[in-house]
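Values below: all heavy atoms of this structure, side chains included; hydrogens, waters and symmetry mates excluded. In the text below, chain A, chain B and the rest are named by the order of the sequence lines, each starting its count at 1.
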Protein chains: 2
Amino acid sequence: MQHLHGGVTIRDVARQAGVSVSTVSRVLNDKDDVAPETAAIVRRVIEEMGYASSIAARSLRSRTTNVVGLIVPDLWHPFTSLVIRGVNQVTSAHGYDLLAYASARRNPYSMADWEVHLVAQLNGTVTDGIIVVTPNAATYRTALPLVAIDPYQATTEYPAVIATNYQGVLEAMAYLVSLGHRRIGFIAGRPDLESAKRRLEGYHAGLAQAGIAFDPALLVTGDYTRTTGAGCAEQLLALDPPPTAIMASSDETAFGVYDAAARRGMRIPQDLSVIGFDNTLESLSVNPPLTTVDQSIEQMGALAAELVLKLIQGQPCESRQYKVATRLVVRQSCRAIDPGS
Amino acid sequence: MQHLHGGVTIRDVARQAGVSVSTVSRVLNDKDDVAPETAAIVRRVIEEMGYASSIAARSLRSRTTNVVGLIVPDLWHPFTSLVIRGVNQVTSAHGYDLLAYASARRNPYSMADWEVHLVAQLNGTVTDGIIVVTPNAATYRTALPLVAIDPYQATTEYPAVIATNYQGVLEAMAYLVSLGHRRIGFIAGRPDLESAKRRLEGYHAGLAQAGIAFDPALLVTGDYTRTTGAGCAEQLLALDPPPTAIMASSDETAFGVYDAAARRGMRIPQDLSVIGFDNTLESLSVNPPLTTVDQSIEQMGALAAELVLKLIQGQPCESRQYKVATRLVVRQSCRAIDPGS
DNA sequence: GCTGGTAACGATACCGGTATCGTTACCGGA
DNA sequence: TCCGGTAACGATACCGGTATCGTTACCAGC
């Protein structure tokens with residue numbers, strides 16, 4: 001309790017053990033320049049005093065922390081959770097600690113480049129490398145190894161891990177067409193998001209591939225959320241005739257479609273087929289289980305972690321874009337229809 | 001790029017702006033001892049150079065970081081996610097950043113006191129306060145304000161936020177009794193967990209309150225997981241006569257009961273009433289929706305955050321234990337029966 | 001003219017560690 | 001005896017910021 005904050009410092013330990021701070025530091029870092037008996041004494045004193053070294057101070061000088069930083073827009077969204085899971089698997093396997101950092105901003109999406117100040121915070125000396133989830137900026141002022149997952153920008157100065165959004169929707173559309181659907185509604189994501197743009201392109205391509213003319217009335221724009229998705233679905237279902245299937249840009253949006261259908265007394269899949277995008281945990285437990293496009297979000301996190309660890313070890317990245325394949329997961333929210341109906 | 005790590009330091013900014021580091025620091029912290037024109041120049045240089053100050057260095061001297069640390073056993077478990085959500089709401093409302101720290105240990109539960117080294121890491125100067133989720137240790141070597149959520153120990157040296165596990169089960173039992181149930185099975189949680197012990201006590205109290213004699217055969221011990229829960233349920237349903245209702249110590253366990261009932265061709269709630277504990281998201285989407293005890297996990301997180309912020313501001317905590325009330329959420333997994341049946 | 005006060009800014013110690021270099025004691029060999 | 005080498009450890013600069021105090025210039029008031 002000699003210092004203001006009450007913590008035990010390396011100097012306290014040194015004094016107590018009757019050695020210099022240098023020696024204590026050597027013991028802490030398992031250097032070999034210290035006699036076994038001395039090391040034993042120091043270790044005992046450390047134990048007795050409950051000393052723990054501060055990463056902040058250590059890293060300031062030694063520039064290595066064994067910690068990987070993960071910057072996320074929020075910490076509870078299903079997408080984020082899955083990313084974290086994948087990242088953590090890899091980092092922990094390599095003995096790195098994981099530190100997830102979320103903004104104090106109330107709504108992460110309210111401001112462009114919300115993440116730049118977080119990168120800046122971690123920039124100094126807290127982490128050895130950074131992974132950013134859904135970043136806005138195309139470049140950062142940092143010398144730390146940095147990898148992005150699902151960036152908004154199409155081209156970035158840092159390596160990025162992205163899903164094959166285009167192919168994912170394309171595959172889903174082909175599936176709907178194979179079931180006989182011709183009037184397929186699409187609820188897009190926020191147009192400023194790269195992933196949303198790619199998914200929309202997949203929709204157009206899917207129509208073209210099936211020889212179906214694009215009907216502007218069947219395209220509404222949401223923002224990946226459930227409530228907006230419900231509103232968009234209302235709009236689509238009010239058409240005459242309504243679409244027989246709706247391709248949603250995200251699972252959350254698809255749940256909104258469920259809500260809207262329920263309000264209109266429509267049954268899924270009897271009266272309406274629905275496909276989502278993300279394969280979140282919830283998509284399995286809704287009723288009926290949602291057919292959706294799996295992004296292997298967890299795998300994206302794992303890949304990003306491997307990349308950042310490679311960069312930390314000084315190895316270069318061959319590519320600037322790493323694509324993780326999507327996969328259509330067929331459950332029970334779609335059914336085949338007669339072309340005539 | 002003059003330094004090894006390539007980052008721009010406050011000295012680079014000072015040199016570029018033609019002022020001293022002191023002045024730059026003053027501008028950074030909005031001190032009033034600086035001329036507006038000078039401040040403008042400094043700010044412009046900061047912008048141009050993309051300078052960002054390092055928390056590590058700052059906090060080393062100023063002992064305040066505006067960051068609250070959250071130490072969790074994992075980052076993806078639903079319980080953790082909800083806690084984080086509650087914590088984040090409060091911290092962000094007060095302008096604090098949130099930093100979630102997970103262990104590199106593969107299985108957090110494999111070692112006792114997994115969290116002590118994480119507390120030690122954050123101890124020094126990285127955060128202003130710490131919240132620990134489901135900690136083992138009853139005390140920590142840290143001078144930082146520390147609050148725990150759902151600790152394993154019954155009594156701790158730090159303030160703890162806990163749910164009213166006892167009352168929660170008691171209320172659920174009263175509900176089952178009111179529906180006419182007399183043979184009520186109970187699947188306990190891991191006996192070393194404080195929360196599991198309290199829930200078991202609630203079961204006994206519930207029986208006593210209804211004047212029902214305790215039957216040891218109706219009590220089996222699980223571990224909060226789904227598969228074990230299923231095994232326990234098999235055991236209970238093999239009894240003659242089987243219980244008409246099962247009180248599960250967690251939602252996961254309750255899902256296990258669903259599984260076991262399905263295997264035996266029993267319908268819920270027609271043939272068996274089930275109550276869970278946790279009110280996870282999944283409990284809403286299973287079929288039938290699960291009647292369960294809500295822990296308001298999110299509210300626990302929020303309360304813990306408020307406490308830690310109070311401590312950071314130097315205000316004392318009146319109590320050592322803060323209880324968050326549980327609440328029975330009645331859905332469709334229970335039905336009334338004739339006492340005779 | 002001299003003093004006192006204040007606005008604006010600079011110089012420097014310091015936070016808690018680590019890296020680097022220096023110092024001491026002790027040993028073997030010529 | 002003297003020298004060189006090495007094991008063990010100490011002294012100190014330094015990381016990038018902030019806190020504290022000192023300095024300068026300028027102006028009002030006597």
Please give, in whole Å, the distance from [N] [atom2] to [X] [atom1]?
{"X": "B:D33", "N": "D:dA19", "atom1": "CG", "atom2": "P", "result": "13 Å"}
{"X": "B:Y51", "N": "D:dG16", "atom1": "OH", "atom2": "P", "result": "10 Å"}
{"X": "A:I46", "N": "C:dG16", "atom1": "CD1", "atom2": "P", "result": "16 Å"}
{"X": "B:L60", "N": "D:dT18", "atom1": "CG", "atom2": "P", "result": "11 Å"}
{"X": "A:R58", "N": "C:dC15", "atom1": "CZ", "atom2": "P", "result": "19 Å"}
{"X": "B:R15", "N": "C:dC9", "atom1": "CZ", "atom2": "P", "result": "19 Å"}
{"X": "B:N29", "N": "D:dA19", "atom1": "CG", "atom2": "C1'", "result": "11 Å"}
{"X": "B:L28", "N": "D:dG17", "atom1": "CG", "atom2": "C1'", "result": "9 Å"}

Checklist entry - If each of B:D32 and A:T64 is mapped to the nucleotide of DNA chain C with the nearest heavy atom, which maps nearer the 5' terminus, i.e. the 5' end? => result B:D32

Strictly under 3.5 Å: I want the nitrogen or oxygen pairs between protein and nucleotides 11-14 of chain C, one per line.
| residue | atom | partner | partner atom | Å |
| --- | --- | --- | --- | --- |
| C:dA11 | N7 | B:S22 | OG | 3.2 |
| C:dA11 | N6 | B:S22 | OG | 2.6 |
| C:dC14 | O2 | B:R61 | NH1 | 3.2 |

Item to check | Near-strand residues of residues 37-45 of chain B, defined as heavy-atom separation under 4.0 angstrom from DNA chain D | outcome: none

Next on the checklist: Under the salt bridge (charged side-chain N to carboxylate O under 4.0 Å, His left out) definition, can you give me all pairs with a residue in residues 16-27 of chain A, not counting sequence neighbours?
Outcome noted: none

Checklist entry - Is there any salt bridge (charged side-chain N to carboxylate O under 4.0 Å, His left out) pair reaching into residues 131-140 of chain B, and which pairs are they, with sequence neighbours excluded? => result none

Next on the checklist: Suppose we screen for side chain to side chain contact (heavy atoms under 4.5 Å, CB included). Which residues come up paired with A:V324, at least two apart in sequence or across chains?
Outcome noted: A:V161, A:S296, A:Q299, A:M300, A:L303

Sequence neighbours excluded and cut-off under 3.5 Å, please list the side-chain donor-acceptor pairs for residues 27-47 of chain B, or say none.
| residue | atom | partner | partner atom | Å |
| --- | --- | --- | --- | --- |
| B:N29 | ND2 | B:S25 | O | 2.9 |
| B:R44 | NH1 | B:E48 | OE2 | 2.9 |

Side chain of [X] only, please: which of [options] is the nearest?
{"X": "A:S62", "options": "D:dC9, C:dT18, D:dG17", "result": "C:dT18"}
{"X": "A:V34", "options": "D:dC9, C:dG17, D:dA19", "result": "D:dC9"}
{"X": "B:S54", "options": "D:dT18, D:dG16, C:dC9", "result": "D:dG16"}

Should [X] and [Y] count as side-chain neighbours, where that means a heavy-atom distance under 4.5 Å?
{"X": "A:V68", "Y": "A:D97", "result": "no"}
{"X": "A:V87", "Y": "A:I131", "result": "yes"}
{"X": "A:T80", "Y": "A:V83", "result": "no"}
{"X": "A:Y96", "Y": "A:D128", "result": "yes"}
{"X": "A:V19", "Y": "A:V24", "result": "yes"}

Checklist entry - Would you say B:K31 reaches D:dA19's phosphate, i.e. side-chain N/O to OP1/OP2 under 4.0 Å? => result yes

Next on the checklist: Quick check on D:dG17: is either OP1 or OP2 less than 4.0 Å from any side-chain nitrogen or oxygen of B:S25?
Outcome noted: no

Side chains of residues 305-318 of chain B: which donor-acceptor pairs under 3.5 Å do they make with residues two or more places apart or in other chains?
| residue | atom | partner | partner atom | Å |
| --- | --- | --- | --- | --- |
| B:K310 | NZ | B:E318 | OE2 | 2.7 |

Checklist outcome for this item: With five pairs defining each end axis, the helix from C:dG1-D:dC30 to C:dA30-D:dT1 comes out bent, to 10°, by 70°

Restricting to side chain to side chain donor-acceptor pair (under 3.5 Å), what partner residues turn up for [X], sequence neighbours left out?
{"X": "A:R58", "answer": "A:S53"}
{"X": "B:S62", "answer": "none"}
{"X": "A:S81", "answer": "none"}

Close N/O contacts between protein and nucleotides 25-27 of chain D (under 3.5 Å):
none

Checklist entry - Can you find a side-chain donor-acceptor pair between A:D12 and A:Y51 that sits under 3.5 Å? => result no

